[in-house]
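So the structure is just underneath, and the comments pick up after that.
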Amino acid sequence: MNFKRYNELKKILKNEKLNTFFQPIVNLHTDETFAFEALNRPSNSKLFSNADVFYEFVGQTDMVFAFEKFCRNLSLQRYMTRLPENSIAKHYTLFLNVHPSILLDKNYHNGETLKLLENVGLQPNQVVFELTERSAVTDFQEFERVLSNYRSQGYRIAIDDVGSGYNSLKTLIYLKPEFIKLDRSLIQNIHQNEASQKLASMIYDYAEQSNTKIIAEGVEHIEEIKYLQSVGIHYGQGYALGKPKIEILNGSIPNSSTDYL
């Protein structure tokens with residue numbers, strides 16, 4: 001293990017040296033911002049050149065549990081302090097990234113997140129746990145039981161990166177998420193890619209039968225937006241709709257390609 005990186009990670013947790021960004025998730029049919037995803041990123045440094053390098057290192061340490069709890073607390077606190085002071089803002093939903101193994105960890109005490117929410121004035125039905133599909137779930141029955149417990153408290157579940165790996169369909173069937181987030185690799189130039197269109201259509205049909213909403217990730221072009229709208233995809237997230245920002249800002253659907261200039 002790189003001890004310089006390890007010590008830097010401990011300093012980041014101790015001094016809360018993470019930048020928290022909020023990216024809007026937009027309803028593709030009403031142009032209204034439905035939710036925000038909290039994204040915690042370290043400042044680029046010689047030890048951590050980018051966020052991917054940083055998170056890959058965290059996953060190799062014995063601090064995954066402490067780091068996840070730290071990020072959740074930080075995201076909630078910063079979300080509440082940066083929300084605009086109006087009644088509409090109170091209806092937003094917050095997506096929190098959670099590593100699947102954390103929810104199964106016996107050291108994780110039931111009710112910890114609920115206490116955090118009470119401290120900042122949020123309700124469980126305003127929070128979605130976003131689970132990355134790339135983090136393989138092996139014990140589906142146990143995970144289904146754990147998620148049922150969280151759902152009984154009012155939380156909802158999103159599966160991230162759907163369409164990026166072989167495990168997607170099994171994950172959807174067992175975990176029955178309220179939200180399916182289509183991976184950016186599937187959305188990129190989807191208006192021109194027949195294979196991507198067929199896979200997205202299959203997932204959409206499943207979602208309609210399961211009362212699940214779909215969020216298209218990595219939306220960067222108006223042509224992609226128009227296609228997604230035409231096939232009924234519910235929500236979108238990406239630079240074309242709103243970049244991650246320190247402050248909390250509404251996203252919107254661009255009127256034309258000139259909006260990018």
Side-chain angles (χ1 to χ4, degrees), residues 21-29 32-41 51-52 55 68 71-72 75 79 92-100 102-103 125-137 140 143 147 150-151 155-190 193 196-221 224-225 227-229 231-244 251 253:
F21 301 90
F22 296 94
Q23 186 170 27
I25 299 172
V26 177
N27 187 314
L28 294 178
H29 304 281
E32 295 177 345
T33 296
F34 155 68
F36 291 91
E37 179 183 353
L39 302 166
N40 290 295
R41 301 287 184 262
D52 289 339
Y55 278 100
E68 286 271 338
C71 283
R72 197 172 313 140
S75 297
Y79 177 71
Y92 290 142
T93 297
L94 178 63
F95 280 62
L96 295 175
N97 289 283
V98 179
H99 195 288
I102 296 299
L103 298 181
N125 61 11
Q126 294 176 273
V127 173
V128 175
F129 290 144
E130 183 171 325
L131 311 176
T132 174
E133 195 272 333
R134 291 193 180 99
S135 301
V137 176
F140 282 96
F143 208 84
L147 293 187
Y150 280 101
R151 285 190 172 105
Y155 301 103
R156 287 173 289 175
I157 306 299
I159 302 296
D160 193 15
D161 304 322
V162 171
S164 65
Y166 73 95
N167 215 29
S168 294
L169 297 182
K170 189 175 181 180
T171 302
L172 296 181
I173 291 170
Y174 274 90
L175 304 189
K176 303 176 180 68
E178 283 77 16
F179 299 94
I180 294 172
K181 300 190 78 175
L182 298 180
D183 188 71
R184 63 180 62 249
S185 64
L186 191 63
I187 300 305
Q188 185 177 21
N189 296 320
I190 191 171
N193 191 319
S196 294
Q197 292 174 10
K198 288 181 178 179
L199 181 54
S201 176
M202 181 184 69
I203 296 172
Y204 176 80
D205 289 342
Y206 170 83
E208 285 293 285
Q209 296 172 24
S210 307
N211 195 29
T212 301
K213 301 299 183 185
I214 291 183
I215 302 169
E217 291 191 289
V219 181
E220 297 187 353
H221 302 287
E224 295 165 352
I225 295 173
Y227 177 81
L228 295 169
Q229 290 172 325
V231 296
I233 301 299
H234 310 100
Y235 302 103
Q237 181 179 1
Y239 279 21
L241 300 166
K243 296 181 180 181
I253 297 173

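For this chain, numbers begin at 1 and follow the sequence in order. These numbers come from the heavy atoms of this one structure, side chains and all, not from hydrogens, waters or symmetry mates.
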What's the separation between atom CG in L228 and atom CD1 in I253, rounded to the nearest 0.5 Å?
10.0 Å

Taking only residues two or more places apart in sequence, or in another chain, which ones meet Y155 in a ring pair (Phe, Tyr, Trp, His ring centres under 6.0 Å)?
F129, Y150

Are F22 and L94 side-chain neighbours, meaning at least one heavy-atom pair lies under 4.5 Å?
yes

Partner residues of Y206 under the ring pair (Phe, Tyr, Trp, His ring centres under 6.0 Å) criterion, sequence neighbours left out
none

Check: L96 and Y79 side chains under 4.5 Å, non-hydrogen atoms
no

Any idea which heavy atoms bring P244 and Y239 closest together, and the distance?
CD-CE1, 3.6 Å

Do side-chain atoms of S201 reach the backbone of Q197 as a donor and acceptor pair under 3.5 angstrom?
no

For the CG atom of N97 and the CD atom of E37, what is their distance to the nearest 0.5 Å?
4.5 Å

Roughly how far apart are N40 CG and F21 CZ, rounded to 0.5 Å?
9.5 Å

Ring center gap for F36 and Y92 short of 6.0 angstrom:
yes

Atom CG in L28, atom CG in L241: separation rounded to 0.5 Å?
6.5 Å

What are the two closest heavy atoms between T212 and P177, and how far apart are they?
OG1-O, 3.1 Å

Give a yes or no on whether N211 atom CG has more than 12 heavy-atom contacts from other residues, nucleotides or ligands under 6.0 Å away.
no

CG of N27 to CD1 of I215: how many Å apart, nearest 0.5 Å?
10.5 Å

Contacts of L199 that satisfy side-chain contact (heavy atoms from CB on, under 4.5 Å) - sequence neighbours left out
L186, M202, I203

Roughly how far, to the nearest 0.5 Å, is the CD atom of Q237 from the CD1 atom of I187?
11.5 Å

Counting distance only, does the side-chain N/O of T93 pair as donor-acceptor with the main-chain N or O of A35 below 3.5 Å?
no

Salt bridge (Lys or Arg N to Asp or Glu O under 4.0 Å) partners of R151, counting only residues at least two apart
E178

Which pair of non-hydrogen atoms, one from V98 and one from L131, has the smallest distance, and what is that distance?
O-CD2, 3.4 Å

Do I159 and L175 come within less than 4.5 Å of each other through their side chains, counting heavy atoms only?
yes

Closest approach of V219 to G236 (non-hydrogen atoms, all atoms of both residues)
CG2-CA, 4.5 Å

Heavy-atom side-chain contact between Y204 and V231 under 4.5 Å
no

For Y235, give me all partners under ring pair (Phe, Tyr, Trp, His ring centres under 6.0 Å), at least two apart in sequence or on another chain.
F34

Using every non-hydrogen atom in the two residues, find where P24 and T33 come nearest and quote the distance to one decimal.
CB-CG2, 4.0 Å

Examine distances only and state if a side-chain atom of Q229 and a backbone atom of H29 form a donor-acceptor pair shorter than 3.5 Å.
no

One pair to check against side chain to side chain contact (heavy atoms under 4.5 Å, CB included): N189 and E224. What are the steps and the verdict?
CA-CA 6 Å; N189 296 320; E224 295 165 352; 4.1 Å; yes

Heavy-atom nearest pair, A207 first then I180, reads CB-CD1, 4.3 Å

Sorted by chain and residue number, the side-chain hydrogen bond (donor to acceptor under 3.5 Å, both in side chains) partners of E217 (sequence neighbours excluded) come out as K181

